[in-house]
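Since the structure comes first, as structure tokens, the remarks are kept for the end.
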Amino acid sequence: MKNQEIADIFYNMADILEILNVNWKPQAYRKAARSIESMNENIETIYEKKGLKGIDEIPGVGKSIAKKTEEYLKTGKIKEYENLKKKIPKGLDELMDVMGLGPKKVKKLFEELKIKNIKELKTALKKHKIESLEGFGKKSEENIEKSLELIKQRKKRLLLGEVYPIVKELIEYLKEKKETKKVEVAGSFRRMEETIGDIDILAVSNNGKKTIQDFIKFPEVKRVLAKGNTKGVVLLKNNLQCDLRVVKENQFGSALQYFTGNKPHNIELRKIAIKKGYKLNEYGLFKNKKRVAGNTEKEIYKKLGFQYIPPEIRINEDELKKKIPRLIDYNDIKGDLHVHTRDSDGLNTIMEMALAAKKLNYNYLGITNHSKTRKISSGLEEKDLIKKIKEIKNTKVKGLKLLSGSEVDILKNGELDYSDKILKKLDIVIAAIHSGFKTDKKKMVDRILKALENENVKIFAHPFGRLINKREPYNLDFEKICKFCAKNEKYIEINAQPERLDLDYKNIKIALKHNVKFIINTDAHKKENLEFMRFGVAQAMKAWCRKKDIINTLPLKEFMKKMK
DNA sequence: GCCGTTTTCGGCCCGACTGTTTTCAGTCG
């Protein structure tokens with residue numbers, strides 16, 4: 001996927017333009033870079049499908065940047081970027097990566113001390129040449145020195161699931177402090193984005209200064225970047241930046257709204273506010289300097305004429321334009337039907353998984369280990385599977401029905417990895433592709449449809465096989481599969497594994513149009529993974545799924561009818 | 001360079017923090 005490469009070039013161009021004192025363009029390039037970087041779709045695919053026009057449609061990308069993107073996709077180079085690089089000494093833009101050094105300071109360092117790369121910066125630091133520069137001082141030298149240690153670890157977005165435990169821990173940590181009155185995570189985490197670039201926390205406290213002090217002492221903090229009375233910024237050990245803002249109790253709603261975003265949603269909402277004669281910022285909603293809302297998000301949205309908009313869907317697509325139906329909710333889920341145990345490649349026993357599911361108030365749990373071909377994941381031979389069916393039957397947990405199943409491999413020819421005779425014995429049969437990812441589009445669809453035609457198969461797992469940041473989704477005639485599933489009562493999985501999130505919300509939307517029904521599963525490989533369910537539900541919310549679109553919201557009896 | 005029911009020109013978020021100043025510029029998100 002070339003999105004990141006292209007975004008990086010535009011970021012660099014912005015840096016260079018800024019050093020060259022060019023106005024406005026840097027912002028434009030950065031906005032485009034951010035947009036391209038955070039897109040879910042492959043920019044190459046967009047170009048193949050819709051050409052230059054498709055690129056131009058990306059928010060923040062106009063004619064000029066679209067053309068440059070096209071140039072890069074075609075030639076692997078952007079002429080103007082090459083020209084820009086020639087205008088400043090080689091290496092100067094890498095100085096911009098040093099935290100605390102912006103265009104003005106980089107320029108000063110070059111003009112006064114002829115420093116044009118990291119190496120020369122280090123030499124100058126050793127000789128303490130920088131502290132005597134106008135605008136710099138002793139402290140500047142110390143900070144640059146510290147930042148240099150971190151420069152190699154480039155900012156990388158982490159998976160939602162990777163960030164989840166630390167956010168939970170941090171929130172708990174802050175809640176325990178007696179001066180804390182409220183804590184809530186905002187930003188991309190609250191919106192449940194696929195990947196997280198930094199963590200935003202919002203708090204109400206009796207003593208802001210003390211809360212910030214506690215915050216910077218959180219054990220996972222690697223480095224403190226800023227600390228004041230209302231705001232603290234730290235770098236965590238996982239190299240994610242984490243911001244804490246402390247606000248007054250009656251500002252909590254407006255601040256939460258403001259820091260949750262996303263940016264385009266907020267800009268749109270602010271525009272609507274202005275149109276209606278209001279002003280909206282993180283301190284509240286104002287009419288003629290009079291504050292008319294801000295204690296809660298709900299009251300802000302209400303005053304502006306909207307129902308409450310869940311954070312997950314604040315993505316500036318339709319949420320400010322259309323009436324939002326009652327969406328699927330985390331509490332609607334009655335069971336998880338794609339779970340592994342240590343009998344194949346999981347960590348826990350059947351009983352351990354069952355008890356964990358019980359804790360989540362589920363009514364049913366499907367144990368679905370890998371089939372025999374998946375040797376690498378210790379897939380079960382037929383005789384072992386039969387033993388496990390018995391064991392599952394004999395595992396009793398009050399209020400929880402255990403279902404025996406399998407995640408059966410779809411072989412390259414579209415046949416399944418187990419015979420119909422054994423599949424018939426199972427409650428849940430999930431078909432999945434784990435090999436032959438490079439099969440061409442036509443063959444892939446035939447292969448999948450052949451597998452789904454088997455009457456025992458009811459669920460199609462992680463349809464695109466993508467691994468976020470690792471493996472591209474495979475080439476799929478998805479709409480053909482949707483049509484088949486809708487017609488034949490097959491269910492498409494929304495796999496909630498943080499590295500999969502497959503389907504993603506855009507494809508859920510497509511499937512919804514074809515009246516496909518879904519099942520949200522975690523594909524858990526240990527008991528803690530069952531909590532990933534919320535990530536899958538969030539994807540469904542983003543596509544505006546309702547409860548009736550998701551079959552594992554059904555009571556056990558009705559759910560089982562769907563599996564027959 | 002982007003963008004548009006205040007449009008095709010003239011805007012472009014702005015407040016917190018830091019380290020340097022002696023009231024503020026630069027950086028960041």
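Every value quoted in this text rests on a predicted model; they were computed, and no experiment measured them. Quick note on labels: first sequence line is chain A, next is B, and so on, each numbered from 1.
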Exercise. Do any of residues 121-133 of chain A sit with a heavy atom less than 4.0 Å from DNA chain B, and if so which?
Worked result: none
Exercise. Nearest nucleotide by nearest heavy atom, which residue falls closer to the 5' end of DNA chain B, G228(A) or R270(A)?
Worked result: R270(A)
Exercise. Any luck finding a side-chain donor-acceptor pair between Q257(A) and N266(A) under 3.5 Å?
Worked result: yes
Exercise. Of the candidate nucleotides dC17(B), dC13(B), dC2(B), which contains the atom at the shortest distance from the side chain of K231(A)?
Worked result: dC17(B)
Problem set entry | Phosphate OP1/OP2 of dG29(B): any Q241(A) side-chain N/O under 4.0 Å | yes
Seminar exercise, completed: When both distances are under 3.5 Å in a Watson-Crick or G-U wobble arrangement, the nucleotide paired with dT8(B) is none
Problem set entry | Pairwise P distance for dT21(B) and dT27(B), with rounding to whole Å | 15 Å
For this session: Give one of base, sugar-phosphate or nothing for P26(A), where a contact means two heavy atoms less than 4.0 Å apart.
Result: nothing
For this session: Kindly say if K68(A) contacts the phosphate of dG1(B), meaning a side-chain N or O under 4.0 Å from OP1 or OP2.
Result: yes
Problem set entry | Atom C1', compared across dT20(B) and dG26(B): separation rounded to whole Å | 10 Å
For this session: Establish, for the pair K217(A) and F215(A), whether the NZ or CZ atom is under 6.0 angstrom from the six-membered ring centre and no further than 45 degrees off its axis.
Result: no
Exercise. Picking from dG15(B), dT18(B), dG26(B), which would you name as closest to the side chain of K105(A)?
Worked result: dG26(B)
For this session: Check whether any side-chain nitrogen or oxygen of K25(A) sits under 4.0 Å from OP1 or OP2 of dG1(B), and answer yes or no.
Result: yes
Problem set entry | Residues Y258(A), Y283(A); criterion ring-ring contact (aromatic ring centres under 6.0 Å, His included); working and verdict | CA-CA 9 Å; Y258(A) 181 86; Y283(A) 301 110; 8.3 Å; no
For this session: Pick the C1' atom in dC17(B) and in dC9(B), then give their distance to the nearest Å.
Result: 36 Å
Exercise. Can you tell which of dT27(B), dG1(B), dC13(B) lies closest to the side chain of P103(A)?
Worked result: dT27(B)
Exercise. When the C1' atoms of dT6(B) and dC12(B) are considered, how many whole Å apart are they?
Worked result: 16 Å
Problem set entry | Nucleotide nearest K139(A) when distance is taken to its side chain, options dC12(B), dC2(B), dT20(B) | dT20(B)
Exercise. Under 4.0 angstrom, heavy atoms only, what part of the nucleic acid is D243(A) near: base, sugar-phosphate, or nothing?
Worked result: sugar-phosphate
Problem set entry | More than 12 heavy atoms from other groups under 6.0 Å of NZ on K237(A) | yes
Problem set entry | dT8(B) and dC2(B), which share atom name C1', separated by this distance in whole Å | 12 Å
For this session: Would you please say whether a donor-acceptor pair under 3.5 Å links the side chains of Q241(A) and D243(A)?
Result: yes
For this session: Determine: side-chain N/O of T230(A) to OP1/OP2 of dA16(B), distance under 4.0 Å, yes or no.
Result: no
For this session: Determine the interatomic distance between P on dT5(B) and the same-named atom on dG15(B); round to the nearest Å.
Result: 25 Å
Problem set entry | Any Y283(A) side-chain N or O less than 4.0 Å from OP1/OP2 of dA16(B) | yes
Exercise. Does a side-chain N or O from N143(A) land closer than 4.0 Å to OP1 or OP2 of dG19(B), or not?
Worked result: yes
For this session: Please indicate whether E82(A) has more than 12 foreign heavy atoms, meaning atoms of other residues, nucleotides or ligands, lying under 6.0 Å from its CD.
Result: yes
Exercise. Just checking V233(A): base, sugar-phosphate only, or nothing, at a heavy-atom cut-off of under 4.0 Å?
Worked result: nothing
Exercise. Does the side chain of S140(A) get closer than 4.0 angstrom to OP1 or OP2 of dT18(B) through an N or O atom?
Worked result: no
Problem set entry | 5' priority, DNA chain B, between N229(A) and E141(A) [closest heavy atom] | N229(A)
For this session: Please determine if K108(A) forms a cation-pi arrangement with F110(A), meaning its NZ or CZ atom is less than 6.0 Å from the six-membered ring centre and no more than 45° off the ring axis.
Result: no
For this session: Identify whether a stacking contact exists between F136(A) and dT20(B), where the ring centres must be under 5.5 Å apart and the planes under 30° apart.
Result: no
Residues 246-253 of chain A, side-chain donor-acceptor partners within the protein, below 3.5 Å, at least two apart:
residue	atom	partner	partner atom	Å
E249(A)	OE1	K181(A)	NZ	3.2
E249(A)	OE2	K182(A)	NZ	3.2
Q251(A)	OE1	K248(A)	N	3.0

